[in-house]
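A quick write-up on the structure given underneath.
Only this structure's heavy atoms are used, side chains among them; waters, hydrogens and symmetry mates stay out.
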Amino acid sequence: GVNERMRHMGLRMGSARLAAPKGALWIGLGGLILVTLAGLLFVHFSDWTKTTFAFDVWLHSFQSSPLDQLALALDKIDKVAVVAIILLVGGVIIAFWRGVAKALGFMVVAGAGWLLIAAVKLIVAEPRPTTFYPELQEQALSYPSGHVVFVMALTVALGAALAGSKWRWPLVVIGSLLTLVTAWSRLYLGVHYPTDVIAGIVGGFCSAIFVVAVWNLLFGRRTGRRAS
């Protein structure tokens, strides 16, 4: 059977339950609603929102070739192919480390947490600022930053899947730092307003824990003990 073949490969199914704070479903949903309402306000008061681009200008005043390379490298982090590779590699590692069920949960939380924010983008429909790099100018919507959302959702997914591991918090700290660096890169390149990256951090967290809660409702109870 499937379980026998998995054992031969050194794999186990394991518990599907992911670690989540109490009330994760409502925290996540409520946070997404607040992020959306805030975005609508930023669009309504667009003159004020545009003044915040001064922070992008200030960050870009430190422009250098190494910083360009770092920011442009991070620009590729939410391309579909890159996201797929990150999720697959992470999923394979977690499958051997924590079990196939948690690996699937990790991939769903990070991937769906990222995609779910598209609904917020469509509702808010904030145009992009004019970037410092014409080749990066997009017609895509600005609020919130999809790059920041993905790295934040990835960080939450790691924390949810690795509960009980000594590597959980070190990886969450690394993911959180990468989220902040990604937020910096979006402002340094001038492709987002500061409000977009702040909403990306909050929205990515809320979107991911909402997906964790839904995952646990659908699959977490079938495998017994709650993750800690």
Side-chain angles (χ1 to χ4, degrees), residues 35 38-39 42-43 46 49-91 106-107 109-158 171-208 211:
V35 165
F42 295 141
V43 169
S46 60
T49 303
K50 288 174 182 175
T51 66
T52 66
F53 194 74
F55 189 64
D56 297 52
V57 174
W58 177 75
L59 286 179
H60 195 70
S61 69
F62 301 99
Q63 190 262 342
S64 68
S65 180
L67 292 180
D68 279 2
Q69 291 173 16
L70 174 59
L72 291 169
L74 288 171
D75 181 62
K76 296 177 173 58
I77 204 167
D78 87 332
K79 305 301 182 191
V80 173
V82 176
V83 169
I85 290 168
I86 291 171
L87 295 186
L88 284 172
V89 171
F106 158 79
M107 290 190 287
V109 170
W114 172 56
L115 292 173
L116 190 58
I117 218 72
V120 178
K121 277 184 175 282
L122 290 172
I123 293 168
V124 174
E126 179 186 59
R128 292 261 186 175
T130 301
T131 176
F132 305 121
Y133 298 80
E135 68 274 17
L136 298 179
Q137 193 65 48
E138 298 181 34
Q139 297 305 312
L141 300 171
S142 193
Y143 179 99
S145 166
H147 289 69
V148 176
V149 166
F150 173 62
V151 184
M152 187 75 253
L154 188 67
T155 301
V156 172
L158 283 170
L171 287 173
V172 166
V173 169
I174 291 169
S176 299
L177 291 173
L178 182 57
T179 302
L180 293 176
V181 173
T182 303
W184 159 83
S185 74
R186 306 314 286 159
L187 302 179
Y188 175 85
L189 295 173
V191 293
H192 281 288
Y193 297 109
T195 48
D196 299 341
V197 300
I198 294 170
I201 293 170
V202 178
F205 176 82
C206 293
S207 182
V211 177

Quick one: are I77 and I86 in side-chain contact, heavy atoms under 4.5 Å? yes
Minimum heavy-atom separation for V35 to Y143, with atom names? O-OH, 2.6 Å
For A110 against F150, the heavy-atom pair lying closest together: O-CD1, 4.3 Å
Parallel, tilted or perpendicular: which one describes the rings of F53 and F132, with boundaries at 30° and 60°? tilted
Value for NZ (K79) from NE2 (H147), rounded to nearest 0.5 Å, stands at 5.5 Å
Mind checking whether V43 and T49 have side chains closer than 4.5 Å, heavy atoms only? no
What is the minimum heavy-atom distance between P127 and Y193, and which atoms define it? O-CE1, 3.9 Å
How far apart are the closest heavy atoms of H192 and V197, and which atoms are they? CB-CG1, 4.3 Å
Ignoring hydrogens and angles, state whether a donor on the side chain of Y188 or D68 is under 3.5 Å from an acceptor on the partner side chain. yes
For I201 and L180, run side-chain contact (heavy atoms from CB on, under 4.5 Å): C-alpha distance rounded to whole Å, both residues' side-chain angles, the deciding distance at 0.1 Å, then the answer. CA-CA 8 Å; I201 293 170; L180 293 176; 4.1 Å; yes
Please report the shortest heavy-atom distance between P144 and G200, naming the atom on each side. CB-N, 3.6 Å
Return each pair, listed once, that meets salt bridge (charged side-chain N to carboxylate O under 4.0 Å, His left out) where at least one residue sits in residues 183-202; pairs must be two or more places apart or across chains. D75-R186
Could you pull out the closest heavy-atom pair between G91 and F106, with the gap in Å? N-CE2, 3.7 Å
OG1-CG distance between T182 and L177, expressed to the nearest 0.5 angstrom: 10.5 Å
Before you tell me yes or no, could you show the steps for T131 and D56 under side-chain contact (heavy atoms from CB on, under 4.5 Å), namely the whole-Å CA-CA distance, both residues' side-chain angles and the distance that decides it to 0.1 Å? CA-CA 9 Å; T131 176; D56 297 52; over 6 Å; no
Would you say the side chain of E126 lies within less than 4.5 Å of the side chain of K121, judging by non-hydrogen atoms? no
Would M152 and W114 satisfy side-chain contact (heavy atoms from CB on, under 4.5 Å), going step by step from the backbone distance to the final call? CA-CA 9 Å; M152 187 75 253; W114 172 56; over 6 Å; no
S207 side chain to G113 main-chain N or O, any donor-acceptor pair under 3.5 Å? yes
Can you list everything that forms a salt bridge (Lys or Arg N to Asp or Glu O under 4.0 Å) with D78? Sequence neighbours excluded, please. none
Are the side chains of L154 and T179 in touch, meaning some heavy atoms are under 4.5 Å apart? no
Scan residues 67-88 for pairs that pass ring-ring contact (aromatic ring centres under 6.0 Å, His included), counting only residues two or more places apart or in two chains. none
